[in-house]
Amino acid sequence: IMKKIRSFFEDLVSLFYPNSCGICGKNLLKDEDTVCILCLYKIPKTNCFKKKENSVSQIFWGRVQIENAAALYQFHKEGSIQKLIYQLKYEDGKSTGIFLGKQIGYAIKESPFFCNLDYIIPVPLHPKKEKLRGYNQSKYIVKGIQEIINIEVNTELLIRTENTDSQTRKKRFSRWENMMNSFRLKQTDQLQNKHILLVDDVVTTGATLEACAQKLLAVKGVKVSIITIAVV
């Protein structure tokens with residue numbers, strides 16, 4: 001009976017306050033979440049979760065020893081995934097982050113490569129930047145992932161110590177130089193011999209993720225895998 005009552009009130013709320021698709025703007029159907037099924041189907045996916053050597057793993061070749069790396073979607077300028085990531089980062093899009101995290105979670109479950117993970121760690125923001133934005137978007141992606149694959153999340157051990165300039169307009173070496181001394185680990189005992197999944201929103205040159213991975217890999221026995229929503 002309670003389930004029927006809850007369903008009735010949910011239907012009533014959606015009648016007066018309909019949720020709209022984050023891409024096309026049309027009202028979502030009852031079983032749709034954040035993005036309508038048609039728009040979700042049209043977002044260009046990568047093949048990263050099906051191939052160990054892929055467009056994301058190649059970014060880190062010769063730079064840092066990564067177990068596996070993947071992005072779920074292909075980023076296109078003015079494309080639908082750019083629209084969702086903009087909402088996630090600049091329009092208080094916490095629910096968008098959770099939704100996209102869930103899509104990553106489903107892909108991880110189907111992939112033969114992302115196995116035996118011990119911790120999920122979101123790429124941290126500097127406290128000043130997080131306070132300004134009000135949240136760290138990567139934490140919400142991780143929340144979505146954890147809803148699908150029940151792996152412990154740790155947001156305390158890896159911290160950002162430098163409030164670096166925006167990476168958007170920097171060349172590859174400048175990005176790397178900008179990031180390498182920007183992170184530190186609070187303590188390392190908890191991470192020894194663990195396989196860590198490092199999560200960010202977008203990978204472009206990989207400088208931020210490389211800097212984080214280098215810090216984690218300095219700990220005895222640590223293995224690192226990387227996942228992002230999109231690859232540019």
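Note that the coordinates shown come from a computational prediction; the quantities given were computed from them, not determined experimentally.
A single hydrophobic cluster is not seen to contain both V199 and L191; linkage of ILVMFWY side chains at heavy-atom distances under 4.5 Å, directly or through other members, places them apart. The cluster map of Ile, Leu, Val, Met, Phe, Trp and Tyr, joined by side-chain heavy atoms under 4.5 Å apart, puts I59 and F113 in different clusters. In the hydrophobic clustering of ILVMFWY residues, with side-chain heavy atoms under 4.5 Å counting as a link, I81 and I141 come out together. Note on V202: it clusters hydrophobically with V142, by side-chain heavy-atom contacts below 4.5 Å among ILVMFWY residues. Residues I229 and L125 do not share a hydrophobic cluster, clusters being chains of Ile/Leu/Val/Met/Phe/Trp/Tyr side chains in contact below 4.5 Å.
When every heavy atom of S20 is checked against every heavy atom of G25, the shortest pair comes out as CB-O, 3.4 Å. A pairwise comparison of heavy atoms in V56 and C48 identifies CG2-SG, 3.8 Å as the closest pair. Of all heavy-atom pairs between A107 and L72, the closest is CB-CD1, 3.8 Å. Residues L88 and G97 come closest through the heavy atom pair CD1-CA, 3.4 Å. The minimum heavy-atom distance linking T228 with D201 is given by the pair CB-O, 3.6 Å. The nearest pair of heavy atoms linking Y135 to Q87 is OH-O, 4.2 Å.
Qualifying salt bridge (Lys or Arg N to Asp or Glu O under 4.0 Å) partners for E156, counting only residues two or more places apart in sequence or in other chains: none. Evaluation of the salt bridge (Lys or Arg N to Asp or Glu O under 4.0 Å) rule for D92 yields K94 as partners, not counting sequence neighbours.
Crowding of K89 atom NZ: a count of heavy atoms from other residues, nucleotides or ligands under 6.0 Å exceeding 12. In Q58, the CD atom is crowded: over 12 heavy atoms of neighbouring residues, nucleotides or ligands sit closer than 6.0 Å. Under a cut-off of 6.0 angstrom, the local environment of CD in E53 is sparse, with at most 12 non-hydrogen atoms contributed by other residues, nucleotides or ligands. Atom NZ of K52 is surrounded by more than 12 heavy atoms from other residues, nucleotides or ligands within 6.0 Å. The local environment of CG in N47 is crowded, with over 12 non-hydrogen atoms from other residues, nucleotides or ligands closer than 6.0 Å.
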#### Entry: Worked check of side-chain contact (heavy atoms from CB on, under 4.5 Å) between L100 and Y73
CA-CA 10 Å; L100 292 169; Y73 300 114; 4.1 Å; yes
#### Entry: Verdict with supporting geometry, V224 and E67, side-chain contact (heavy atoms from CB on, under 4.5 Å)
CA-CA 6 Å; V224 174; E67 295 297 307; 6.0 Å; no
### Task
Could you give me the CA-CA distance, side-chain angles and deciding distance for E130 and K139, then say whether salt bridge (Lys or Arg N to Asp or Glu O under 4.0 Å) is met?
CA-CA 11 Å; E130 188 165 346; K139 287 182 182 178; 3.2 Å; yes
### Message
Under the criterion side-chain contact (heavy atoms from CB on, under 4.5 Å), I'd like the reasoning laid out for K102 against D33: C-alpha separation, chi angles, the key distance, then a yes or no.
### Response
CA-CA 11 Å; K102 284 181 180 178; D33 173 21; 4.1 Å; yes
### Query
After noting the C-alpha distance and the side-chain angles of K42 and I23, does the key distance pass the side-chain contact (heavy atoms from CB on, under 4.5 Å) rule?
CA-CA 11 Å; K42 288 179 180 177; I23 294 173; over 6 Å; no
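No option in L40, V35, I43, I85 other than I43 meets the side-chain contact (heavy atoms from CB on, under 4.5 Å) test with S80.
Within the 4.5 Å cutoff, no side-chain heavy atoms of I151 are placed close to those of L197. Contact of the I121 side chain with the L198 side chain is registered, since non-hydrogen atoms from C-beta on lie closer than 4.5 Å. Side chains of P122 and T155 form a contact here, defined as non-hydrogen atoms less than 4.5 Å apart. Using a 4.5 Å heavy-atom cutoff, the side chains of L209 and I66 are not in contact. With contacts defined as side-chain heavy-atom distances shorter than 4.5 Å, the pair F49/I227 qualifies. Taking 4.5 Å as the limit, every side-chain heavy atom of F60 sits out of range of all side-chain heavy atoms of Q65. In this structure, the side chains of P44 and H76 come closer than 4.5 Å at one or more pairs of heavy atoms. Under the 4.5 Å side-chain criterion, counting only non-hydrogen atoms from C-beta, L158 is not in contact with I196.
With rounding to the nearest 0.5 angstrom, the CG atom of L117 is 5.0 Å from the NE2 atom of H195. I108 contributes atom CD1, which lies 6.5 Å from atom CD1 of I120 (distance to the nearest 0.5 angstrom). Here the CG atom belonging to D31 is positioned 7.5 Å from the CD1 atom belonging to I37, to the nearest 0.5 angstrom. Separation of atoms NZ (K51) and OG (S57) is listed at 9.0 Å; rounding is to 0.5 Å. Here SG of C24 is found 7.5 Å from CG of L38. Values are rounded to the nearest 0.5 Å. With rounding to the nearest 0.5 angstrom, the CZ atom of F75 is 10.5 Å from the CG atom of L84.
In this structure a side-chain-to-backbone donor-acceptor pair under 3.5 Å is present from T161 to S182. Put simply, the side chain of E162 never gets that close to the backbone of F183: no donor and acceptor are under 3.5 Å apart. A donor-acceptor pair is defined here as one N or O able to donate and one able to accept, closer than 3.5 Å; such a pair exists between the side chain of N136 and the backbone of V123. Looking only at distances, a side-chain donor or acceptor of Q103 sits under 3.5 Å from a matching main-chain atom of F99. A donor-acceptor distance shorter than 3.5 angstrom exists from the side chain of T46 to the backbone of A71, with no hydrogens or angles considered. Put simply, the side chain of Q214 never gets that close to the backbone of E210: no donor and acceptor are under 3.5 Å apart.
Salt bridge annotation for E152-K194: absent, with no cationic side-chain nitrogen under 4.0 angstrom from a carboxylate oxygen.
Under the 3.5 Å distance criterion, with hydrogens and angles disregarded, no donor-acceptor pair is assigned to the side chains of N193 and K220.
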